[in-house]
Amino acid sequence: MTPNGKATTIKKTFSRETAVSIEIGADQAVIWALLTNAADFSRWNSTILSIEGEITQGEKIKLKAALDPKRTFKIKIKEVIPERKMVWGDAMGNRVFTLTKQGENRVLFHMSEKIGSFMFPLFASQIPPFDDAFEQYAADLKKEAESIAAAN
Amino acid sequence: MSDLSQLANEFEKCRGQLKSYILRMTASVTETEDILQDTYLKAHEKLATFRGESSLKTWIFAIASNLARDLLKSKKRWPENVTDICREEALNEPAMFAKSMFIRNNSPQGNFEIKEHIAFCFTCVSKSLPLEQHLCLLLKEVYDFSLKEVATILRTTEQMVKYHLHTGRTKMVDVFEGRCALINQKGVCHQCSEINGVFNPKQNTQEELVKIKMYREAQKGDKQYLFDLRMQVVAGIDPFESGAAELQLHHLEFNRRTMEKYLKKND
(Lines give C-alpha, C1' and ligand atoms only; values in the text may rest on other atoms or scores of the structure.)
Protein backbone atom coordinates (compact mmCIF):
# COMPACT_ATOMS: atom_id res chain seq x y z
CA MET A 1 0.00 0.00 0.00
CA THR A 2 1.34 3.43 -0.92
CA PRO A 3 2.00 5.49 2.24
CA ASN A 4 0.22 8.57 0.89
CA GLY A 5 -2.39 8.98 3.63
CA LYS A 6 -5.18 7.89 1.30
CA ALA A 7 -7.52 5.25 2.65
CA THR A 8 -8.64 2.24 0.66
CA THR A 9 -11.57 -0.03 1.34
CA ILE A 10 -12.13 -3.57 0.16
CA LYS A 11 -15.73 -4.66 0.38
CA LYS A 12 -16.72 -8.31 0.43
CA THR A 13 -20.04 -10.00 1.08
CA PHE A 14 -19.31 -10.80 4.68
CA SER A 15 -16.70 -8.19 5.55
CA ARG A 16 -15.27 -4.76 4.86
CA GLU A 17 -11.66 -3.71 5.38
CA THR A 18 -10.36 -0.14 5.39
CA ALA A 19 -6.67 0.72 5.59
CA VAL A 20 -4.42 3.76 5.47
CA SER A 21 -0.64 4.21 5.49
CA ILE A 22 1.42 7.33 5.93
CA GLU A 23 5.09 8.12 6.46
CA ILE A 24 5.79 10.25 9.52
CA GLY A 25 8.96 12.22 10.15
CA ALA A 26 9.18 11.64 13.88
CA ASP A 27 10.56 9.34 16.52
CA GLN A 28 8.89 5.93 16.78
CA ALA A 29 8.61 6.15 20.59
CA VAL A 30 6.85 9.52 20.34
CA ILE A 31 4.32 8.22 17.80
CA TRP A 32 3.73 5.22 20.04
CA ALA A 33 3.24 7.50 23.05
CA LEU A 34 0.63 9.51 21.13
CA LEU A 35 -1.19 6.31 20.16
CA THR A 36 -1.28 4.94 23.70
CA ASN A 37 -2.03 8.04 25.81
CA ALA A 38 -5.81 7.70 26.17
CA ALA A 39 -6.37 10.92 28.12
CA ASP A 40 -4.51 13.02 25.56
CA PHE A 41 -6.04 11.49 22.41
CA SER A 42 -8.83 13.95 21.68
CA ARG A 43 -6.43 16.89 21.93
CA TRP A 44 -4.62 16.01 18.72
CA ASN A 45 -6.91 13.51 17.00
CA SER A 46 -10.01 15.17 15.57
CA THR A 47 -11.70 11.82 14.84
CA ILE A 48 -11.76 10.88 18.54
CA LEU A 49 -14.04 12.64 21.03
CA SER A 50 -12.83 10.79 24.10
CA ILE A 51 -11.16 7.62 25.31
CA GLU A 52 -11.66 6.40 28.87
CA GLY A 53 -9.35 3.78 30.30
CA GLU A 54 -5.78 2.68 29.78
CA ILE A 55 -4.45 1.64 26.41
CA THR A 56 -2.49 -1.34 27.63
CA GLN A 57 -2.59 -5.06 26.89
CA GLY A 58 -5.78 -6.73 28.11
CA GLU A 59 -7.52 -3.52 29.20
CA LYS A 60 -10.91 -2.35 28.01
CA ILE A 61 -11.48 1.21 26.85
CA LYS A 62 -14.59 3.28 26.13
CA LEU A 63 -14.22 5.25 22.94
CA LYS A 64 -16.40 7.97 21.45
CA ALA A 65 -15.70 8.81 17.82
CA ALA A 66 -16.67 11.88 15.79
CA LEU A 67 -18.10 9.58 13.13
CA ASP A 68 -20.87 8.38 15.47
CA PRO A 69 -20.84 10.68 18.56
CA LYS A 70 -23.89 9.12 20.23
CA ARG A 71 -22.32 5.69 20.52
CA THR A 72 -19.74 4.55 23.02
CA PHE A 73 -17.60 1.73 21.67
CA LYS A 74 -16.37 -0.73 24.25
CA ILE A 75 -13.11 -2.02 22.92
CA LYS A 76 -10.55 -4.47 24.20
CA ILE A 77 -6.83 -3.93 23.74
CA LYS A 78 -6.04 -7.38 22.43
CA GLU A 79 -2.37 -7.22 21.50
CA VAL A 80 0.46 -4.81 22.24
CA ILE A 81 4.02 -5.03 20.97
CA PRO A 82 5.51 -1.77 22.26
CA GLU A 83 6.41 0.74 19.57
CA ARG A 84 5.51 -1.76 16.82
CA LYS A 85 2.01 -3.15 16.84
CA MET A 86 -1.32 -2.86 18.60
CA VAL A 87 -4.65 -4.56 18.00
CA TRP A 88 -7.96 -3.21 19.34
CA GLY A 89 -11.22 -4.96 18.83
CA ASP A 90 -14.76 -5.89 19.69
CA ALA A 91 -17.19 -8.53 18.49
CA MET A 92 -17.46 -6.77 15.12
CA GLY A 93 -13.82 -6.78 14.20
CA ASN A 94 -10.29 -5.64 14.84
CA ARG A 95 -8.30 -2.50 14.26
CA VAL A 96 -4.59 -3.06 13.74
CA PHE A 97 -1.96 -0.33 14.12
CA THR A 98 1.63 -0.92 13.05
CA LEU A 99 4.73 1.26 13.15
CA THR A 100 7.69 0.33 10.97
CA LYS A 101 10.98 2.17 11.16
CA GLN A 102 12.07 3.48 7.75
CA GLY A 103 15.16 5.39 8.86
CA GLU A 104 16.26 7.95 11.43
CA ASN A 105 13.06 9.69 12.55
CA ARG A 106 11.11 8.19 9.64
CA VAL A 107 8.32 5.80 10.49
CA LEU A 108 5.64 4.12 8.43
CA PHE A 109 2.27 4.19 10.17
CA HIS A 110 -0.31 1.69 8.99
CA MET A 111 -3.82 1.32 10.32
CA SER A 112 -6.45 -1.13 9.15
CA GLU A 113 -9.82 -2.27 10.39
CA LYS A 114 -11.69 -5.32 9.25
CA ILE A 115 -15.30 -5.71 10.29
CA GLY A 116 -17.51 -8.61 9.42
CA SER A 117 -19.45 -11.70 10.33
CA PHE A 118 -22.11 -13.92 8.87
CA MET A 119 -24.64 -11.28 9.86
CA PHE A 120 -22.61 -8.48 8.24
CA PRO A 121 -24.73 -8.23 5.04
CA LEU A 122 -27.77 -7.37 7.19
CA PHE A 123 -26.31 -4.23 8.71
CA ALA A 124 -23.52 -3.32 6.28
CA SER A 125 -25.50 -0.45 4.83
CA GLN A 126 -25.89 1.11 8.30
CA ILE A 127 -22.16 1.34 8.94
CA PRO A 128 -20.75 4.58 7.56
CA PRO A 129 -17.61 4.49 5.39
CA PHE A 130 -14.38 4.84 7.38
CA ASP A 131 -12.21 6.28 4.61
CA ASP A 132 -12.43 9.97 5.54
CA ALA A 133 -11.99 9.25 9.25
CA PHE A 134 -8.95 7.05 8.55
CA GLU A 135 -7.33 9.69 6.38
CA GLN A 136 -7.98 12.34 9.02
CA TYR A 137 -6.62 10.06 11.76
CA ALA A 138 -3.39 9.50 9.85
CA ALA A 139 -3.06 13.19 8.95
CA ASP A 140 -3.63 14.28 12.57
CA LEU A 141 -1.07 11.79 13.85
CA LYS A 142 1.50 12.93 11.30
CA LYS A 143 0.90 16.60 12.08
CA GLU A 144 1.15 16.16 15.85
CA ALA A 145 4.20 13.87 15.80
CA GLU A 146 6.07 16.04 13.32
CA SER A 147 5.31 19.23 15.27
CA ILE A 148 6.80 17.60 18.38
CA ALA A 149 9.85 16.51 16.38
CA ALA A 150 10.33 20.06 15.12
CA ALA A 151 10.13 21.65 18.58
CA ASN A 152 13.29 23.03 20.16
CA MET B 1 35.53 10.79 38.10
CA SER B 2 35.01 13.52 40.63
CA ASP B 3 36.30 13.84 44.17
CA LEU B 4 34.32 14.40 47.34
CA SER B 5 35.19 18.05 47.66
CA GLN B 6 33.97 18.69 44.12
CA LEU B 7 30.73 16.93 44.97
CA ALA B 8 30.32 18.91 48.19
CA ASN B 9 30.96 22.18 46.34
CA GLU B 10 28.59 21.39 43.51
CA PHE B 11 25.91 20.15 45.87
CA GLU B 12 26.14 23.33 47.90
CA LYS B 13 25.99 25.45 44.74
CA CYS B 14 22.84 23.78 43.42
CA ARG B 15 21.25 23.02 46.78
CA GLY B 16 18.70 25.85 46.60
CA GLN B 17 17.52 24.91 43.11
CA LEU B 18 17.51 21.23 43.94
CA LYS B 19 15.49 21.77 47.09
CA SER B 20 12.87 23.88 45.33
CA TYR B 21 12.73 21.32 42.48
CA ILE B 22 12.03 18.52 44.95
CA LEU B 23 9.42 20.63 46.75
CA ARG B 24 7.67 21.37 43.45
CA MET B 25 7.58 17.63 42.71
CA THR B 26 6.42 16.47 46.13
CA ALA B 27 4.62 19.52 47.61
CA SER B 28 5.94 18.35 50.97
CA VAL B 29 8.63 20.03 53.05
CA THR B 30 9.34 16.84 55.01
CA GLU B 31 9.71 14.71 51.89
CA THR B 32 11.84 17.43 50.33
CA GLU B 33 14.25 17.40 53.28
CA ASP B 34 14.39 13.58 53.19
CA ILE B 35 15.02 13.36 49.44
CA LEU B 36 17.59 16.16 49.59
CA GLN B 37 19.53 14.30 52.27
CA ASP B 38 19.18 10.94 50.49
CA THR B 39 20.37 12.55 47.25
CA TYR B 40 23.59 13.66 48.89
CA LEU B 41 24.13 10.29 50.56
CA LYS B 42 23.53 8.44 47.31
CA ALA B 43 25.76 10.80 45.34
CA HIS B 44 28.46 10.30 47.97
CA GLU B 45 28.06 6.52 47.79
CA LYS B 46 28.00 6.36 43.98
CA LEU B 47 30.57 9.02 43.22
CA ALA B 48 33.02 6.46 41.85
CA THR B 49 30.49 5.57 39.14
CA PHE B 50 30.21 9.17 37.92
CA ARG B 51 31.97 9.15 34.54
CA GLY B 52 31.68 12.84 33.74
CA GLU B 53 29.39 12.18 30.78
CA SER B 54 27.14 14.93 32.10
CA SER B 55 27.80 17.79 34.51
CA LEU B 56 27.90 16.95 38.20
CA LYS B 57 24.79 19.13 38.67
CA THR B 58 22.87 17.09 36.06
CA TRP B 59 23.98 13.88 37.76
CA ILE B 60 22.81 15.16 41.17
CA PHE B 61 19.43 16.18 39.71
CA ALA B 62 19.14 12.70 38.15
CA ILE B 63 19.62 11.07 41.55
CA ALA B 64 17.05 13.38 43.15
CA SER B 65 14.58 12.79 40.31
CA ASN B 66 14.89 9.04 40.71
CA LEU B 67 14.31 9.20 44.43
CA ALA B 68 11.29 11.45 43.97
CA ARG B 69 9.89 9.23 41.22
CA ASP B 70 10.16 6.20 43.50
CA LEU B 71 8.19 8.07 46.12
CA LEU B 72 5.60 9.54 43.75
CA LYS B 73 4.91 6.67 41.36
CA SER B 74 2.46 5.01 43.74
CA LYS B 75 0.71 8.27 44.60
CA LYS B 76 -2.23 9.65 42.68
CA ARG B 77 -1.88 12.88 40.79
CA TRP B 78 -3.85 15.90 41.97
CA PRO B 79 -6.93 17.21 40.16
CA GLU B 80 -6.73 20.38 38.04
CA ASN B 81 -9.14 22.18 40.37
CA VAL B 82 -6.96 21.52 43.43
CA THR B 83 -7.08 25.16 44.48
CA ASP B 84 -10.92 25.18 44.50
CA ILE B 85 -11.04 22.05 46.63
CA CYS B 86 -8.46 23.38 49.07
CA ARG B 87 -10.18 26.77 49.27
CA GLU B 88 -13.43 25.11 50.35
CA GLU B 89 -11.56 23.06 52.93
CA ALA B 90 -9.73 26.13 54.25
CA LEU B 91 -13.01 28.00 54.69
CA ASN B 92 -14.14 25.17 56.96
CA GLU B 93 -10.97 25.17 59.02
CA PRO B 94 -10.56 28.38 61.05
CA ALA B 95 -7.30 27.16 62.63
CA MET B 96 -5.62 27.17 59.23
CA PHE B 97 -6.51 30.82 58.67
CA ALA B 98 -5.53 31.76 62.24
CA LYS B 99 -2.08 30.27 61.73
CA SER B 100 -1.74 32.06 58.40
CA MET B 101 -2.51 35.38 60.08
CA PHE B 102 -0.04 34.62 62.86
CA ILE B 103 2.70 33.94 60.28
CA ARG B 104 1.67 37.04 58.33
CA ASN B 105 1.99 39.22 61.41
CA ASN B 106 5.06 37.68 63.03
CA SER B 107 7.34 36.02 60.51
CA PRO B 108 10.00 37.77 58.43
CA GLN B 109 8.92 35.34 55.70
CA GLY B 110 5.23 36.01 56.15
CA ASN B 111 4.62 38.61 53.45
CA PHE B 112 1.99 37.96 50.86
CA GLU B 113 2.74 38.86 47.28
CA ILE B 114 0.61 37.95 44.30
CA LYS B 115 3.58 36.70 42.27
CA GLU B 116 4.45 34.33 45.13
CA HIS B 117 0.93 32.98 44.96
CA ILE B 118 1.28 32.50 41.18
CA ALA B 119 4.30 30.26 41.85
CA PHE B 120 2.46 28.46 44.66
CA CYS B 121 -0.55 27.96 42.40
CA PHE B 122 1.65 26.46 39.66
CA THR B 123 3.18 24.04 42.17
CA CYS B 124 -0.30 22.77 43.04
CA VAL B 125 -1.90 22.77 39.58
CA SER B 126 1.10 21.21 37.79
CA LYS B 127 0.73 18.18 40.04
CA SER B 128 -2.29 17.31 37.89
CA LEU B 129 0.08 16.46 35.04
CA PRO B 130 1.33 12.91 34.55
CA LEU B 131 4.61 12.62 36.46
CA GLU B 132 6.96 12.53 33.46
CA GLN B 133 5.32 15.60 31.93
CA HIS B 134 5.56 17.38 35.27
CA LEU B 135 9.26 16.64 35.67
CA CYS B 136 10.12 17.62 32.09
CA LEU B 137 8.26 20.89 32.48
CA LEU B 138 10.00 21.74 35.74
CA LEU B 139 13.48 20.81 34.55
CA LYS B 140 13.25 22.56 31.19
CA GLU B 141 11.03 25.56 31.83
CA VAL B 142 11.76 26.38 35.46
CA TYR B 143 15.32 25.10 36.02
CA ASP B 144 16.54 25.82 32.50
CA PHE B 145 18.16 22.48 31.71
CA SER B 146 18.66 21.73 28.00
CA LEU B 147 16.65 18.99 26.28
CA LYS B 148 19.74 16.80 26.34
CA GLU B 149 20.26 17.37 30.06
CA VAL B 150 16.61 16.67 30.84
CA ALA B 151 16.86 13.44 28.84
CA THR B 152 19.95 12.48 30.86
CA ILE B 153 18.32 13.34 34.18
CA LEU B 154 15.16 11.36 33.41
CA ARG B 155 16.98 8.56 31.56
CA THR B 156 14.98 8.95 28.39
CA THR B 157 15.50 10.30 24.88
CA GLU B 158 15.41 13.93 23.79
CA GLN B 159 12.48 13.07 21.53
CA MET B 160 10.48 11.75 24.47
CA VAL B 161 11.37 14.84 26.48
CA LYS B 162 9.95 16.91 23.62
CA TYR B 163 6.81 14.79 23.70
CA HIS B 164 6.33 15.18 27.46
CA LEU B 165 7.06 18.90 27.28
CA HIS B 166 4.66 19.41 24.41
CA THR B 167 1.79 17.51 26.01
CA GLY B 168 2.43 18.88 29.50
CA ARG B 169 2.77 22.44 28.33
CA THR B 170 -0.33 22.24 26.14
CA LYS B 171 -2.35 20.94 29.05
CA MET B 172 -1.08 23.59 31.46
CA VAL B 173 -1.74 26.38 28.94
CA ASP B 174 -5.35 25.16 28.60
CA VAL B 175 -5.86 24.71 32.34
CA PHE B 176 -4.61 28.20 33.20
CA GLU B 177 -6.53 29.72 30.29
CA GLY B 178 -9.71 28.23 31.72
CA ARG B 179 -8.95 28.93 35.37
CA CYS B 180 -6.73 31.96 35.88
CA ALA B 181 -8.60 35.26 36.06
CA LEU B 182 -5.28 37.11 35.79
CA ILE B 183 -4.96 36.14 32.14
CA ASN B 184 -8.58 35.52 31.20
CA GLN B 185 -11.48 37.62 32.45
CA LYS B 186 -13.67 34.51 32.28
CA GLY B 187 -11.21 32.52 34.40
CA VAL B 188 -12.90 30.93 37.40
CA CYS B 189 -10.08 31.37 39.92
CA HIS B 190 -9.40 34.72 41.61
CA GLN B 191 -7.61 33.33 44.64
CA CYS B 192 -4.42 35.37 44.34
CA SER B 193 -6.35 38.69 44.35
CA GLU B 194 -8.80 37.39 46.93
CA ILE B 195 -6.10 36.28 49.39
CA ASN B 196 -4.11 39.44 48.71
CA GLY B 197 -7.15 41.40 49.92
CA VAL B 198 -7.12 39.39 53.15
CA PHE B 199 -3.41 39.70 53.92
CA ASN B 200 -2.82 43.16 52.48
CA PRO B 201 -6.16 44.94 53.10
CA LYS B 202 -4.74 48.43 52.62
CA GLN B 203 -3.02 47.62 49.38
CA ASN B 204 -4.46 48.54 45.98
CA THR B 205 -4.65 45.12 44.31
CA GLN B 206 -4.82 46.63 40.85
CA GLU B 207 -1.54 48.48 41.43
CA GLU B 208 0.05 45.22 42.52
CA LEU B 209 -1.29 43.32 39.55
CA VAL B 210 0.09 45.70 36.96
CA LYS B 211 3.59 45.07 38.32
CA ILE B 212 3.26 41.53 36.97
CA LYS B 213 4.13 41.28 33.30
CA MET B 214 1.89 38.25 32.73
CA TYR B 215 -1.08 40.35 33.85
CA ARG B 216 -0.08 43.34 31.71
CA GLU B 217 0.33 41.18 28.64
CA ALA B 218 -2.90 39.23 29.14
CA GLN B 219 -4.91 41.41 26.74
CA LYS B 220 -2.73 40.29 23.83
CA GLY B 221 -4.14 36.81 24.31
CA ASP B 222 -0.97 34.93 23.30
CA LYS B 223 -1.46 31.87 25.49
CA GLN B 224 1.99 30.40 24.86
CA TYR B 225 3.71 33.69 25.70
CA LEU B 226 1.59 34.08 28.83
CA PHE B 227 2.66 30.62 29.92
CA ASP B 228 6.31 31.56 29.32
CA LEU B 229 5.78 34.59 31.55
CA ARG B 230 4.18 32.38 34.21
CA MET B 231 7.25 30.13 34.07
CA GLN B 232 9.47 33.19 34.51
CA VAL B 233 7.55 34.11 37.67
CA VAL B 234 7.96 30.56 39.02
CA ALA B 235 11.65 30.41 38.10
CA GLY B 236 12.27 33.71 39.86
CA ILE B 237 10.98 32.53 43.22
CA ASP B 238 12.76 30.33 45.72
CA PRO B 239 9.94 28.83 47.80
CA PHE B 240 12.26 28.37 50.80
CA GLU B 241 14.02 31.73 50.74
CA SER B 242 11.49 34.27 49.53
CA GLY B 243 9.86 36.87 51.75
CA ALA B 244 6.64 34.84 51.62
CA ALA B 245 8.21 31.44 52.16
CA GLU B 246 6.79 30.57 55.57
CA LEU B 247 3.28 31.66 54.66
CA GLN B 248 3.29 29.87 51.31
CA LEU B 249 4.81 26.68 52.77
CA HIS B 250 2.08 26.68 55.41
CA HIS B 251 -0.53 26.92 52.64
CA LEU B 252 1.23 24.24 50.60
CA GLU B 253 1.29 21.86 53.54
CA PHE B 254 -2.42 22.50 54.07
CA ASN B 255 -3.12 21.78 50.39
CA ARG B 256 -1.02 18.60 50.50
CA ARG B 257 -2.92 17.28 53.50
CA THR B 258 -6.22 18.26 51.93
CA MET B 259 -5.30 16.46 48.72
CA GLU B 260 -4.26 13.32 50.57
CA LYS B 261 -7.66 13.23 52.27
CA TYR B 262 -9.51 14.07 49.06
CA LEU B 263 -7.73 11.44 46.97
CA LYS B 264 -8.23 8.80 49.63
CA LYS B 265 -11.93 9.64 49.89
CA ASN B 266 -12.36 9.52 46.10
CA ASP B 267 -10.31 6.38 45.58
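To find a chain, count down the sequence lines: A is the first, B the second, and so on, and within it residues start at 1.
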Practice problem: Identify which part of B:Ser146 has an atom lying under 4.5 Å from any heavy atom of chain A, answering side chain, backbone, both or neither. | Solution: neither

Quiz item: Above 12 or not: heavy atoms from other molecules or residues under 6.0 Å from CZ of A:Arg84?
Solution: no

Quiz prompt | Over 12 foreign heavy atoms within 6.0 Å of NZ, A:Lys76 | solution = no

Quiz item: Counting only heavy atoms not in B:Glu253, do more than 12 sit closer than 6.0 Å to its CD atom?
Solution: yes

Exercise. May I ask you to check whether over 12 heavy atoms, not counting those of B:Gln224, lie within 6.0 Å of atom CD?
Key: yes

Quiz prompt | Over 12 foreign heavy atoms within 6.0 Å of CG, B:Asp174 | solution = yes

Exercise. Could you tell me which portion of B:Glu132 (side chain, backbone, both or neither) has an atom closer than 4.5 angstrom to a non-hydrogen atom of chain A?
Key: neither

Practice problem: Return yes when atom NZ of B:Lys171 has more than 12 non-hydrogen atoms of other residues, nucleotides or ligands closer than 6.0 Å, and no otherwise. | Solution: yes

Practice problem: Give a yes or no on this: more than 12 heavy atoms of other residues, nucleotides or ligands lie within 6.0 Å of atom NZ of A:Lys64. | Solution: no

Exercise. Sort by residue number and list every member of residues 25-43 of chain A having a non-hydrogen atom under 4.5 Å from chain B.
Key: A:Asp27, A:Ala29, A:Val30, A:Ala33, A:Leu34, A:Asn37, A:Asp40, A:Arg43

